[in-house]
Structures are given as structure tokens and as C-alpha cells.
Amino acid sequence: MKTYNDFLQESGEKKWQEKWEAEKTFEVTEDASKEKFFGLIEFPYPSGAGLHVGHPRPMTAMDVISRKKRMEGKNVLYPIGFDAFGLPTENYAIKTGRQPKDVTKENIANFIRQLKMLGYSFDWSRVIDTTDPAYYQWTQDIFLKFFEHGLAYKKNTPINWCLSCKIGLANEEIVNGACERCGGTVEKRDKEQWMLAITKYADKLLEGLDTVDYIERAKIQQSNWIGKSTGAELDFAIKNFEEKIRVFTTRPDTLFGASYMVLSPEHALLEMLKDNIENLDEVAAYQKQAGLKSDLERTELQKDKTGVELKGIKAINPVNGEEIPVWIADYVLATYGTGAIMAVPAHDERDFEFAKKFDLPIRQVVAEMIPSAEKDIPKEGKETVRRQNVIVLVKHPEEDAYFCLDWTKQGWTSFVIGGKENGETWEDAAIREMKEETGYQNIKSINLLGFETHTNFFAAHKDVNRYGEQRAVYIELADDERAEVDPKEVKNHDGKWVKVEDLHDFINLDNHIYYYNIFKEGEKAFTGEGIAINSDFLNDLKKEEAIEKMIAWLEEKGIGEKKDNFRLRDWVFSRQRYWGEPIPLVYCPHCAENGERKSKGEERNPGWIPLDRKDLPLELPHVEKYEPTDNGDSPLADMREFVETTCPRCGGEAKRETDTMPNWAGSSWYWLRYMDPHNDTAFASKEALNYWGQVDWYNGGMEHTVLHLLYSRFWNQFLHDIGEVPHSEPYAKRTSHGLILAQDGEKMSKSKGNVVNPDDMVAKFGADALRTYIMFMGPFDQHVAWSEEGLKGVKKFFDRVWNLQEFICSEQAYLFSEDVEREIHKTIKKVGDDIEVLGFNTAIARMMEMVNFVYKKKALAKEQFGKILSILSPFAPHMTEELWEKSGYEGSISIAPWPVYDEKYLVEDMVTLVVQVNGKVRAKLEVAADISEEDVKALALAEENVVKWVEGKDVRKVIYVKGKLVSVVV
RNA sequence: GCCGCGGUGGUGGAGUUGGUAGACACGAGGGACUUAAAAUCCCUUGGUAGAAAUACCGCGCGGGUUCAAAUCCCGCCCGCGGCACCA
């Protein structure tokens with residue numbers, strides 16, 4: 001008989017691949033009678049190295065899903081294409097002196113060969129290539145739509161220039177201040193760049209996340225990247241100037257605590273103020289030095305804050321009219337908010353650090369609420385007395401010990417504490433209380449410690465609720481001179497010295513522990529929620545209420561308003577390289593002067609005229625030399641015949657834009673093209689767009705959850721807003737796979753020489769084994785290390801599946817085993833459920849168990865074999881097609897119906913119960929599943945080993961969990 | 001620093017609405033077949049003690065809740081990923 005190895009050796013897999021292609025098994029058209037399913041994977045970048053074993057992980061997963069959906073009767077679109085513009089190809093072409101176009105063509109051909117070798121059910125009639133003019137015509141068309149709606153604009157902006165790639169980078173492409181791609185140095189350069197106004201969509205991109213089913217991590221990363229913060233913008237007047245300093249703050253409730261202001265060194269106002277700055281030299285020097293620092297240096301040096309005061313300049317705090325100093329410092333970023341802040345050192349860590357360093361005033365305006373212990377919670381119906389308390393840390397003159405109180409009746413253990421009386425300062429009160437309660441007289445030093453806090457509690461010794469406002473004071477005694485203590489003062493507590501190392505365990509009142517921690521760990525800004533104090537009309541309000549009230553006040557006075565801010569920046573959309581989509585705009589000096597403005601884009605960018613749609617695609621010109629230039633101009637800028645053109649509007653002399661689009665452009669809309677890839681009058685027809693709608697399931701790498709996902713959602717939302725696509729969100733569901741690491745647990749890379757080539761694996765074990773092993777390796781969303789031993793194991797499994805044929809005896813009587821049938825139905829359910837939740841490894845394990853079971857029973861009916869093949873076919877399509885055919889089934893297994901399990905086979909009639917005694921397993925019972933509780937308990941208690949453990953003890957309780965266990969408590 | 005994910009045999013990993021920890025696979029050991037090897041088939045395989053029945057210990061560490069905890073709660077340790085002077 002032919003073995004599985006024979007099948008592989010006779011190119012059995014190839015045979016089926018050719019058959020699928022000839023019969024167009026996986027080609028689809030819009031079919032209103034069927035429910036559609038659109039499964040998408042990120043299309044690969046066709047590098048010269050070809051596929052490595054990392055690629056097939058997402059592809060196989062989505063192939064399994066697509067194949068199953070197809071068998072379930074869905075109209076499945078599972079497309080593939082190539083994202084082929086970009087630097088690696090261009091650099092390789094430069095090195096080898098070839099044309100990027102030719103290199104790309106070859107690479108794509110190699111990728112297609114490898115992908116076909118793996119037996120994916122792609123619709124090969126829909127392959128797209130982003131470098132094909134028939135494709136990028138529509139990338140250009142969509143860009144013009146952005147332009148026409150005023151969302152593309154040219155701006156002279158400091159860009160991030162990578163010295164080694166010779167290319168400007170988007171903010172998103174910088175990782176820790178270095179180039180994401182090559183790790184090289186990035187410097188700031190001023191350059192005219194096309195920008196896309198993605199920030200206009202910041203809110204929409206954020207809100208859209210609530211409507212889609214993405215893995216949580218992807219949502220979190222996207223929303224971090226968008227970085228929305230809610231607050232207010234408001235103006236501070238400058239003394240003797242008309243100009244105002246506008247600031248953004250998330251904490252308008254702390255305005256009374258704003259004790260100075262900081263401008264970023266690049267702030268435009270500095271130019272206007274310069275005649276009044278008394279220390280202009282110093283300021284200018286600081287500005288210069290800050291400008292020289294790269295982003296990397298700025299972040300690295302963040303520990304140590306620097307800055308210079310603008311002498312002679314004072315700002316006025318609008319809530320209290322107070323004059324406050326103005327500084328410049330590079331901890332304030334020019335690019336965020338308004339580039340200026342109000343500093344509230346008491347409630348912002350950075351301002352606190354800065355204020356400490358430069359000795360600026362720190363004013364507390366929010367008090368933390370410290371909850372009282374459970375037993376001291378305020379009692380209803382009791383009067384509440386507001387009282388100021390001082391907590392005093394009294395340090396022994398010689399030893400490192402503190403005077404503490406032990407309140408025997410209340411069960412409190414605390415530092416010295418007492419009330420502050422009217423007219424007293426906190427320090428006065430602390431000294432008085434210290435003398436009254438300890439008798440000590442002479443102090444060496446005294447300091448306030450930390451901030452004021454509030455506590456609400458029931459004071460049993462006075463039978464009232466107290467709302468305590470407390471501060472802590474640290475006192476170091478000078479000597480041990482001690483006066484007589486009035487017994488009245490100490491009737492509730494005993495005093496004693498506690499060593500510093502015992503303090504933590506001794507003190508049990510939460511508010512005292514709070515100050516103990518500050519004493520131990522040092523003071524810091526209080527940035528949490530609390531109660532407004534020292535804030536006039538905000539006093540006693542909670543954070544949210546105070547923010548609301550302050551914003552209302554600012555709006556009423558006309559000096560500020562509610563405002564949201566985003567971390568997200570507009571998208572730098574031009575690159576100075578050859579191998580990208582040309583930007584279809586020309587600059588016409590004539591139209592810049594007198595032209596009529598036909599769109600928002602032309603209003604925003606005077607002189608920039610879009611090409612007529614009939615002149616698209618604007619093809620990349622053929623050039624011999626396309627090396628990047630050192631001056632930062634695109635290589636196209638040197639080509640007169642490309643640059644010099646006529647204006648599509650007035651016919652006068654004009655110049656083409658010579659920058660090209662970034663790598664991300666082609667992938668920002670590609671799934672739409674899959675719906676209608678050959679359309680030459682639109683990027684896709686309305687019919688196709690309406691039929692295929694949203695991508696039902698998009699799987700891709702975690703590395704793309706910020707950039708590609710955000711950009712493509714942005715394009716889709718824009719196209720939706722202008723009525724071009726039916727859904728606002730492009731992808732209904734997004735999942736991610738983990739990386740496949742090399743055998744050594746490292747990332748696969750050419751330089752490490754640990755790359756595994758799929759061609760070799762397919763030659764050795766077959767595509768089915770490779771596919772299935774990749775799915776079996778480990779949890780789909782986690783990283784897993786490659787192991788060829790594991791792959792061997794899967795191959796062995798297929799040998800066993802192949803040899804199942806031996807158990808089928810079609811000539812003889814119908815060999816039907818109820819046990820096997822039950823096993824198969826359980827497996828059908830498990831495999832079906834697991835595929836839906838990406839549990840491929842457990843689905844395969846279940847099928848292995850099933851096959852092992854059949855080997856034990858050595859009996860299999862033909863229909864049963866058919867079901868086994870069907871559920872295995874999404875993983876191993878070639879082998880199962882072959883066996884399907886050999887078993888005499890008609891047609892392709894790829895479109896055979898997915899088997900349906902029968903519920904009746906899922907319920908067991910006999911179950912194994914565990915009997916526990918005091919939580920330990922002592923016996924097992926084989927019983928009918930529907931046995932009564934009484935019977936089961938009786939049986940359990942009669943078990944020999946149970947009797948042994950229960951003997952001589954009282955049975956307190958017997959618990960029966962149906963179908964699972966009996967638990968005896970003795 | 002903040003946010004997120006994870007830590008289970010020699011290995012990859014199952015099991016997380018609390019209920020037999022270690023499914024499945026790899027590796028290892030033993031056996032059958034063979035002149036021999038490979039392949040294949042069968043058995044054993046968390047640790048310790050024991051011939052066995054069985055007992056005790058075991059899911060990063062320390063506590064807690066519960067008849068019962070890998071799973072829930074509190075406090076830590078380690079690894080990975082994202083963000084990071086964003087006001």
C-alpha cells in the first residue's frame with residue numbers, strides 16, 4: 001500500500017495545489033446569497049531573503065480559519081498581496097546597480113512560489129502589488145482627496161533626519177531617539193514637508209476603539225499613542241505687557257497653587273519680551289544650549305532639571321492677582337500643549353523637583369484624605385467638630401528614638417498629637433503640645449513635615465465625629481530637661497520612647513503612618529485626588545468638582561476654557577527617496593499669485609495644484625541614478641524632464657513635487673483594493689465595497705499595532721467621512737501572533753545565522769507538517785522557539801493518520817464503534833471551538849488524542865474517517881484531499897461541509913468521581929452520570945480508603961459536586 | 001516611574017466560571033520486530049520513600065479566604081513588552 005512518505009515523494013502536495021489552481025477552488029465573487037467572511041493578514045514585504053518560518057504563522061492561522069469558514073458555507077475572501085515600496089529594496093538595488101522595479105518583480109515571484117508551496121487558500125486572482133502603477137494610481141488618488149479636503153498641507157517643520165538612511169522620519173519611526181530601522185543618529189533639520197492632519201481625527205480614532213473587537217493590548221497601545229488628556233487652556237497676563245502667556249493644564253483646580261511659570265526655550269513669546277529681559281545673555285545662552293540637545297539627550301538628561309529665570313518679567317496669576325516669576329526650562333516641551341506651563345510644585349512631580357532645586361515657593365492647594373480605621377469610622381447622628389491637629393515627631397536628644405503615645409482605651413498607638421488653637425502657627429502648636437504631653441522643654445530644631453492632610457473619624461473619648469485637618473512637625477530635643485506633666489493631659493495615654501526601627505510596627509493610626517512614611521522616604525508632590533484648600537471659592541471641593549468650577553470661572557471671566565490635548569502629532573508624509581509613490585502635485589508660481597482656489601487644499605497651500613485625475617497614475621520615472629542625496633533633496637529633484645512641467649490649471653511653467661510618499665501609504669488602504677483589484681475607474685466599486693464591507697478578522701504582528709493600524713484606520717475614517725466607504729472602522733476584529741524565535745530562543749536574523757528556511761522544511765517534512773507544527777508549537781499569541789524535533793513529531797502524527805486506513809474495512813460488515821463515534825464528536829466540537837479563539841495547539845492535541853484512541857480500538861467506519869479528515873483538512877489540506885479522494889468521496893474536501901457534532905455524544909453516561917477527605921483525594925468512583933446525591937454519598941463513604949481516613953472521626957459535612965467529586969469534611 | 005503580559009516536569013506546553021495539576025508533543029528509559037540500524041508498534045516517565053498498595057511534597061516566594069486554590073484576595077521577587085519631563 002502507498003505510504004504517506006510515498007505521497008510526499010510523488011509530489012502529492014503539488015498535485016493538489018495545481019488542482020486547486022486549475023479548478024479555481026478559492027476564487028470568490030460577490031454572492032448575495034451567501035454570508036461573506038473577509039479574513040485578512042498583513043501583506044508581506046517581498047525582501048530578497050524570501051520567506052522565513054516566521055511568515056507562515058499568521059498566514060497559516062488565517063488559512064485555517066478561512067478554510068473552516070468556507071466549509072461552513074461562507075463566501076470567504078482570503079487575499080494576498082505585496083507591500084513592495086521601501087528602503088531595503090532600494091538599498092539593495094543601489095548596491096547591485098539594478099533597478100528597484102526589477103528587483104521587486106523577482107522577489108515577488110519568489111514569494112509567490114513559496115506561498116503556493118505552503119498550500120494557502122488565497123484567491124490568487126486578486127494579488128496586489130503596491131508598486132504597480134495600476135495600484136498606486138489609487139494611492140495617489142486618495143492622497144489628492146486628502147489634499148482637496150485640506151487635510152494635506154506643506155509645512156516647514158523641524159523633521160527628524162536619519163543620517164544613515166538619509167531620510168526624514170515620522171515621529172512614529174523614532175525609537176528612543178534613534179532611527180527605528182537602522183538605529184542610527186537622528187538630528188533635527190528644517191525641511192518643507194507634506195503633512196497629513198491625522199490630529200484632526202485624534203478623537204475619532206480614540207472613540208472608534210470602543211466599537212471594535214481588538215485585543216486589549218492593541219487598544220491600550222493605540223490610546224496611549226493618541227495620548228488624550230483633558231483639562232483647560234488659560235491666559236496669564238504679563239506685567240506691563242499686552243501679551244498673555246497661554247498654558248494648558250490638566251489640573252485647573254490647582255490654579256491657586258501656581259507659584260511660577262515656565263516657557264519652553266523655543267517659545268515665540270521670548271522674542272517679543274527680549275527688550276525687557278534683564279539677563280538676556282544668560283537666557284540666550286540657555287536657549288542655544290537647549291537647541292543643540294537632541295531628543296535623545298533631552299530624555300537622557302531628564303533626571304537633572306535646568307532652567308533660567310527671565311529677570312524683569314512677571315506673570316500674574318489670574319485667580320489672586322499675585323505676581324509670579326517666569327522661567328524657561330527644557331523640561332517644558334515646545335511641541336506639546338502651548339509650549340508653556342503654570343507650575344504647581346505642590347501637586348506636580350516635575351514642578352516640585354524644579355522648585356526644590358531653584359528654591360521656588362511651594363503652595364499646597366489640595367489636601368489628601370486619609371481614611372480612618374474601620375472601627376473609627378464617623379458615626380451617624382453625632383455632631384461633627386472640625387479641628388486642626390498637629391502630629392509631632394519628637395526626637396530624643398541623643399538616641400534615635402521618638403516619643404510615642406499608647407492610647408490604651410482606644411487601642412491607638414501614635415506620635416504626640418494635639419489640637420492647634422486659633423492664632424497659633426503649626427510650629428507653636430507643636431511646641432506647646434510637646435511640652436504639655438511630654439514635659440520636655442528645650443528644642444534644638446523644628447521643621448514642618450510634608451503637607452496638610454484631612455481625616456474624618458469618630459473620637460470615642462469625646463463622643464463626637466471629628467474632621468481633622470492635620471500637619472506634622474518634626475522636633476529635635478536639645479536636652480532632656482523635663483517639667484512635671486499635668487495628669488489631666490495624659491489620662492488617656494501613656495508616653496514612651498520608641499526606637500526608630502520599631503516605629504513602623506508600633507504606630508497603628510493611618511494618618512500617623514502616613515507621616516511616618518514621609519519622614520522615612522522624603523517629601524514629594526501630592527498628585528492624587530483630594531480636597532481643595534487655600535483656594536478661596538474652591539475650598540472643600542473634590543477634584544472633579546473643583547475642576548468644573550474653575551473652568552466655569554475662567555470661561556465667565558473670558559480668560560480660558562475647557563480643552564483637550566493630544567500626544568499625537570500630524571503625520572510627516574513626504575520622503576526624499578526614489579522608491580515610493582510620486583506625489584501628484586505641481587507648484588505653479590503663477591497660480592500662487594493670482595490663481596483661483598478650487599479646494600481647501602489649494603487655499604491652504606497657495607500655488608500647489610493637483611494633477612488631473614485623468615493624468616494619474618503619475619508614474620515613477622525611469623532613472624539610472626537614484627541614490628539619496630546628502631542635502632536632503634529627493635533624487636527626483638535632479639531630473640529636469642520630470643520636474644519641469646506645465647500647470648494643469650493655467651498651462652504655465654510649473655514644477656513637480658519631487659518627494660515621494662512614505663512606506664505606510666500603500667498599506668493604508670490595501671484591504672479595500674482586495675475587494676475589487678482590477679477596477680480601473682475607482683479604487684473599488686461601490687458594489688464590492690458594500691458587499692465585503694469591513695474586514696471581519698485581521699491578524700497581524702504586535703509591531704504594527706501603533707503605526708500601520710492607526711494610519712490605516714485614519715485613511716478609512718476619512719474615506720468614510722467623504723462617503724467613499726461604508727464603514728468608519730476598517731477592521732471588525734484584530735488579533736496578534738507571537739514571534740517564532742530561533743532554536744536558541746533568539747530572534748531569527750541573517751547575521752546570527754539562525755534563520756530557518758521553509759523550503760528546506762517542506763522538502764523534508766511536507767507543507768502539511770510544517771503548517772500543522774507551526775500551529776502546534778505553542779499558544780498563538782506568545783513567542784515560541786523553533787524546534788525541528790517538534791516538527792518531526794507532527795510528521796509522525798500524519799503517518800498515523802495516513803495509516804488509519806488500515807482500520808477501515810469497507811468490504812466487511814460496517815465497523816461502527818460507539819466509543820469512537822463519541823470520541824470523534826467530542827473532537828469536532830473542541831476543534832471547531834478552538835479555531836475560533838486561536839487555540840490551534842489544543843485543537844491539534846485533541847485530534848492527536850482522537851487518533852490515539854482509534855489506534856486502541858482498531859475500528860473505524862468510513863464515515864468516521866471522513867469526519868476526521870474534514871476537521872483536519874484546514875491544517876493539513878493536501879494529505880486530507882488525497883485521503884478524501886482515496887476513500888471515494890466526491891469533490892474537494894476544501895469545500896466539503898464542516899462536520900456537525902451531535903450533543904448526545906457529548907454527555908457521558910458513566911463518570912469518574914473523585915472522593916476527597918479534608919481536601920485530599922482518597923478514592924475514585926465509577927458511577928452513572930445521573931446517580932442521585934444520596935446514593936453517591938453512600939458509595940463514597942463506603943470506599944475502603946475513605947473508611948480508613950474517616951475512621952474514628954466525626955463526619956461534619958459531605959459535599960457533592962455533580963459529575964465532579966464528593967468532598968468529605970471530618 | 002507608569003501601564004500591560006507572563007513565571008506550571010528534563011523541554012514546548014495543557015488545565016484559570018475554584019473541584020482528579022502535568023492533556024498533547026518532544027526528549028529519556030525499557031520491550032517487540034530486524035543479522036544490524038533506521039522506521040514502526042507497545043510500555044514507563046513530576047520528586048522522595050516503598051516490591052506494591054500507598055504516603056508525603058510539589059504550579060516564582062510569603063501570607064490569607066475556602067470542605068477544596070495553578071485559578072480568588074493581600075504583600076513581595078524575577079522575566080518580557082509598551083509609554084516615558086505630554087503639564
Side-chain angles (χ1 to χ4, degrees), chain A residues 3 5 175-176 215-225 227-229 231 247-251 254 258 261-262 264 298-299 301-305 329-333 335-344 347-351 353-354 527 565-569 702-703 705-706 738-739 773 776-779 781-794 796-797 799-800 803 839 841-852 855-856 912-924 944-945 948 956-970:
Chain A
T3 65
N5 278 330
V175 178
N176 295 329
I215 43 166
E216 208 48 38
R217 269 207 300 164
K219 286 192 182 185
I220 290 167
Q221 284 191 26
Q222 292 234 337
S223 85
N224 280 352
W225 193 264
K228 178 173 179 166
S229 41
V247 299
F248 171 72
T249 177
T250 55
R251 294 294 302 273
T254 62
M261 301 194 76
V262 187
S264 63
R298 271 209 190 187
T299 40
L301 296 170
Q302 70 176 262
K303 304 262 142 37
D304 203 18
K305 291 208 165 27
D330 66 3
Y331 83 91
V332 173
L333 307 175
T335 50
Y336 186 79
T338 61
I341 61 156
M342 63 180 213
V344 185
H347 306 293
D348 181 280
E349 281 167 32
R350 296 148 300 176
D351 298 343
E353 197 186 320
F354 193 81
T527 56
N565 238 310
F566 296 90
R567 205 191 79 107
L568 186 69
R569 300 269 77 90
M702 268 324 284
E703 70 275 19
T705 45
V706 178
L739 290 179
Y773 169 61
F776 184 60
M777 289 175 86
D781 58 355
Q782 275 170 43
H783 297 182
V784 273
W786 180 259
S787 152
E788 200 168 310
E789 298 304 319
L791 178 50
K792 261 193 229 164
V794 172
K796 211 158 92 183
F797 167 58
D799 285 326
R800 285 163 69 82
N803 294 334
N841 53 338
T842 47
I844 294 164
R846 180 64 243 192
M847 289 190 282
M848 288 171 166
E849 275 184 84
M850 171 184 69
V851 170
N852 291 346
Y855 266 73
K856 284 221 169 64
T912 309
L913 291 183
V914 168
V915 185
Q916 296 183 340
V917 181
N918 278 359
K920 297 223 181 241
V921 179
R922 297 304 180 189
K924 290 176 186 181
E944 195 187 337
N945 206 38
K948 200 172 100 193
R956 284 228 314 263
K957 222 194 306 186
V958 181
I959 299 156
Y960 173 51
V961 181
K962 198 165 187 305
K964 293 254 166 93
L965 56 68
V966 180
S967 185
V968 183
V969 188
V970 298

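Each chain gets a letter, A, B and so on, in the order the sequences are listed, and its residues count up from 1.
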Item to check | CD-CD1 distance between A:E849 and A:I844, expressed to the nearest 0.5 angstrom | outcome: 13.0 Å

Item to check | Side-chain donor-acceptor pair present, A:R800, A:N852, cut-off under 3.5 Å | outcome: yes

Checklist entry - Quick one: is B:rA14 close enough that its OP1 or OP2 comes under 4.0 Å of any side-chain N or O from A:N841? => result yes

Checklist entry - How many angstroms lie between CG in A:L739 and CD in A:Q782, if you round to the nearest 0.5 Å? => result 12.0 Å

Checklist entry - Expressed in whole Å, how much space separates the P atoms belonging to B:rA53 and B:rC33? => result 29 Å

Item to check | d(CD, A:Q221; C1', B:rG82) in whole Å | outcome: 5 Å

Next on the checklist: Does the structure show a Watson-Crick or G-U wobble partner for B:rG6, both distances under 3.5 Å? Name it, or say none.
Outcome noted: B:rC78

Checklist entry - Taking the same atom, C1', in B:rG9 and in B:rA21, what whole-Å distance lies between them? => result 11 Å

Next on the checklist: Looking at B:rG4, I'd like to know if its phosphate oxygens (OP1 or OP2) sit under 4.0 Å from a side-chain N or O belonging to A:N224.
Outcome noted: no

Checklist entry - More 5' along RNA chain B: A:M848 or A:K856, using each one's nearest nucleotide? => result A:M848

Item to check | B:rA69 versus B:rC56 - spacing of their P atoms, nearest Å | outcome: 14 Å

Next on the checklist: Quick check for you: to the nearest 0.5 Å, what is the distance between A:R846 atom CZ and A:M848 atom CE?
Outcome noted: 12.5 Å

Checklist entry - When rounded to the nearest Å, what value does the distance between P atoms of B:rG47 and B:rC42 take? => result 23 Å

Item to check | Proximity to the side chain of A:I220 - top-ranked nucleotide from B:rG19, B:rA87, B:rC3 | outcome: B:rC3

Item to check | Nucleotide nearest A:P779 when distance is taken to its side chain, options B:rA21, B:rC41, B:rA14 | outcome: B:rA14

Checklist outcome for this item: Among the nucleotides B:rG13, B:rA23, B:rU20, whichever has the atom closest to the side chain of A:T912 is B:rU20

Next on the checklist: Please determine whether the number of non-hydrogen atoms from other residues, nucleotides or ligands lying under 6.0 Å from atom CD of A:E703 exceeds 12.
Outcome noted: yes

Item to check | Phosphate OP1/OP2 of B:rA87: any A:R567 side-chain N/O under 4.0 Å | outcome: no

Item to check | Cation-pi check, A:K305 onto A:Y331 ring (under 6.0 Å, within 45° of axis) | outcome: yes

Item to check | Identity of whatever pairs with B:rA51 - Watson-Crick or G-U, under 3.5 angstrom | outcome: none

Next on the checklist: Less than 4.0 angstrom between a side-chain N/O of A:K920 and OP1 or OP2 of B:rU54, yes or no?
Outcome noted: no

Item to check | Distance between P atoms of B:rC41 and B:rC26 (Å, rounded) | outcome: 10 Å

Next on the checklist: Does A:G793 reach a base, just sugar-phosphate, or nothing at all? Heavy atoms under 4.0 Å.
Outcome noted: sugar-phosphate

Next on the checklist: Please evaluate residues A:F566 and A:W225 with respect to the criterion ring-ring contact (aromatic ring centres under 6.0 Å, His included), reporting the C-alpha separation (whole Å), side-chain torsions for both, the decisive distance (0.1 Å), and the verdict.
Outcome noted: CA-CA 9 Å; A:F566 296 90; A:W225 193 264; over 10 Å; no

Item to check | Side chain of A:Y331 (C-beta onward), nearest among B:rC24, B:rC85, B:rA87 | outcome: B:rC85

Checklist entry - Nearest to the side chain of A:R217 - B:rA87, B:rG19, B:rG4? => result B:rG4

Checklist entry - Quick one: on RNA chain B, does A:G778 or A:R956 contact a more 5' nucleotide (nearest heavy atom)? => result A:G778

Checklist outcome for this item: Atom CG of A:L965 and atom P of B:rU66 are separated, to the nearest Å, by 19 Å

Next on the checklist: Just N and O in the side chain of A:K796: are any of them under 4.0 Å from OP1 or OP2 of B:rC26?
Outcome noted: yes

Checklist entry - Is there a donor and acceptor pair, one atom on the side chain of A:Q916 and one on the base of B:rG19, closer than 3.5 Å? => result yes

Item to check | Side chain of A:Y855 (C-beta onward), nearest among B:rC42, B:rA87, B:rU20 | outcome: B:rC42

Checklist entry - Taking the side chain of A:D799 as its heavy atoms from C-beta onward, which of B:rU40, B:rA14, B:rC41 lies nearest to it? => result B:rU40

Next on the checklist: Using the side-chain heavy atoms of A:K305, tell me which of these nucleotides is nearest: B:rC85, B:rA23, B:rU40.
Outcome noted: B:rC85

Checklist entry - If you check every side-chain atom of A:L333, which of B:rA25, B:rU20, B:rA87 has the closest atom? => result B:rA87

Next on the checklist: Determine whether a donor-acceptor pair (one donor, one acceptor, N or O, separation below 3.5 Å) exists between the side chain of A:K792 and the base of B:rC26.
Outcome noted: no

Checklist entry - Closer than 4.0 Å, any side-chain N/O of A:K924 to the OP1 or OP2 of B:rU20? => result no

Checklist entry - Any side-chain N or O of A:R922 less than 4.0 Å from the OP1 or OP2 oxygen of B:rU20? => result no

